[in-house]
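Take a look at the structure below.
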Amino acid sequence: MTTTTLSMALPVEHRDQLMRLAREVSFEAGERLFDEGRRADRFWIIRTGTVLLDMHVPGRRAAVIESLSHGELLGWSWHFAPYRWQLGAEALSPVRAWEFDAEAVRAMCARDPEFGRAVATWVGRVVAHRLQASRIRLLDLYAPHGSGSPA
């Protein structure tokens, strides 16, 4: 388990605080959860199943960047203005997740600076991980052979 999963990213008291806002949802295999460029007004923590993150590539099929599963944060664009999805997401298998209203979580972060710092650190780690995964995946797909290896 990495520090980007909820159980490792937030201290128990902040995790409990966040989970008070959770709503259980489910998605069928093949269902789009969000599309790149659209309004990011919520996020999820995956309970079961797998979600694929993808990136629009003009003139080609969307490039799958990463797959997410149990305990992982799905969506970080809700945390940064202008609150637009930077990637797309689709359920690979049936998914059960906790859904969070982004505005409510941002308000909770503003009211409780310690909670806000913990959430910002967590989301920042997720962003850094996803950017690296995107870089490597796009190099694997489109760069000359062998250039996708980290230096």
Side-chain angles (χ1 to χ4, degrees), residues 1-12 14-111 115-116 118-143 148 150:
M1 218 179 270
T2 68
T3 58
T4 60
T5 60
L6 177 64
S7 62
M8 299 297 289
L10 294 178
V12 173
H14 293 143
R15 205 168 41 233
D16 291 346
Q17 198 174 348
L18 179 65
M19 292 307 294
R20 285 195 284 274
L21 299 176
R23 176 176 89 91
E24 290 187 44
V25 296
S26 60
F27 302 96
E28 297 298 321
E31 188 173 345
R32 292 292 295 174
L33 283 76
F34 54 86
D35 290 304
E36 201 174 328
R38 303 259 176 161
R39 186 170 170 255
D41 60 355
R42 67 197 71 208
F43 65 94
W44 302 265
I45 296 169
I46 300 170
R47 296 177 62 203
T48 63
T50 303
V51 175
L52 298 177
L53 294 177
D54 57 34
M55 177 181 278
H56 175 73
V57 179
R60 295 180 183 239
R61 208 169 183 216
V64 173
I65 300 300
E66 190 171 9
S67 65
L68 306 177
S69 59
H70 176 74
E72 293 190 276
L73 173 66
L74 172 58
W76 56 262
S77 301
W78 63 273
H79 194 65
F80 303 101
Y83 311 120
R84 298 280 173 202
W85 295 118
Q86 299 300 307
L87 299 169
E90 184 173 309
L92 177 64
S93 64
V95 171
R96 291 177 42 217
W98 287 298
E99 183 177 88
F100 300 86
D101 177 87
E103 192 172 320
V105 175
R106 288 192 304 264
M108 187 181 282
C109 289
R111 283 192 307 274
F115 174 79
V119 169
T121 299
W122 173 39
V123 172
R125 284 187 188 127
V126 169
V127 171
H129 175 82
R130 302 264 164 83
L131 287 172
Q132 182 65 8
S134 298
R135 178 187 165 276
I136 290 168
R137 180 66 177 139
L138 291 173
L139 284 172
D140 286 345
L141 289 172
Y142 303 113

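For Glu28, the salt bridge (Lys or Arg N to Asp or Glu O under 4.0 Å) test picks out no residue, with sequence neighbours left out. Residues that satisfy the ring-ring contact (aromatic ring centres under 6.0 Å, His included) test with Phe43, not counting sequence neighbours, are Trp78, Phe100. Remark: Arg61 pairs with no residue by the side-chain contact (heavy atoms from CB on, under 4.5 Å) rule, at least two apart or across chains. Scanning for side chain to side chain donor-acceptor pair (under 3.5 Å) contacts around Arg96 gives an empty result, with sequence neighbours left out. Residues that satisfy the side-chain contact (heavy atoms from CB on, under 4.5 Å) test with Val25, not counting sequence neighbours, are Arg23, Phe27, Trp44, Ala97, Glu99.
Using modelled atom types, no side-chain atom of Gln132 and backbone atom of His129 make a donor-acceptor pair closer than 3.5 Å. No donor-acceptor distance shorter than 3.5 angstrom exists from the side chain of His70 to the backbone of Thr48, with no hydrogens or angles considered. The backbone N or O of Gly49 sits nowhere less than 3.5 Å from a side-chain atom of Ser93 that would complete a donor-acceptor pair. Checked by atom type and distance alone, the side chain of Asp35 never pairs as donor or acceptor with a backbone atom of Arg38 at under 3.5 Å.
Taking CG of Leu92 as the start and CG of Leu68 as the end, the distance is 11.0 Å to the nearest 0.5 Å. Of the inter-residue distances, the one linking Leu74 atom CG with Ile45 atom CD1 reads 10.0 Å to the nearest 0.5 angstrom. Taking OG from Ser26 and CZ from Arg47, the interatomic distance works out to 10.0 Å, rounded to the nearest 0.5 Å. Here the straight-line distance linking atom CE of Met55 with atom CD of Glu66 works out to 11.5 Å at 0.5 Å rounding.
Shown here for Thr50 and Val95, the closest heavy-atom pair between the two residues is O-CG2, 3.6 Å. Heavy atoms only, all atoms of each residue included: Ala63 and Val57 are closest at CB-CG2, 3.9 Å. Here the closest non-hydrogen pair linking Phe115 and Gln17 is CD1-OE1, 3.4 Å.
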Donor-acceptor contacts under 3.5 Å from residues 79-90 side chains, at least two apart:
| unit_1 | atom_1 | unit_2 | atom_2 | d |
| --- | --- | --- | --- | --- |
| Trp85 | NE1 | Arg39 | O | 3.2 |
| Gln86 | NE2 | Arg84 | O | 3.1 |
| Glu90 | OE1 | Arg32 | NH1 | 3.4 |

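The neighbour count for Glu103 CD, taken as heavy atoms of other residues, nucleotides or ligands under 6.0 Å away, does not exceed 12.
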- Task: Go through Leu18 and Val105 one step at a time and tell me if the side-chain contact (heavy atoms from CB on, under 4.5 Å) criterion holds.
- Result: CA-CA 7 Å; Leu18 179 65; Val105 175; 3.9 Å; yes

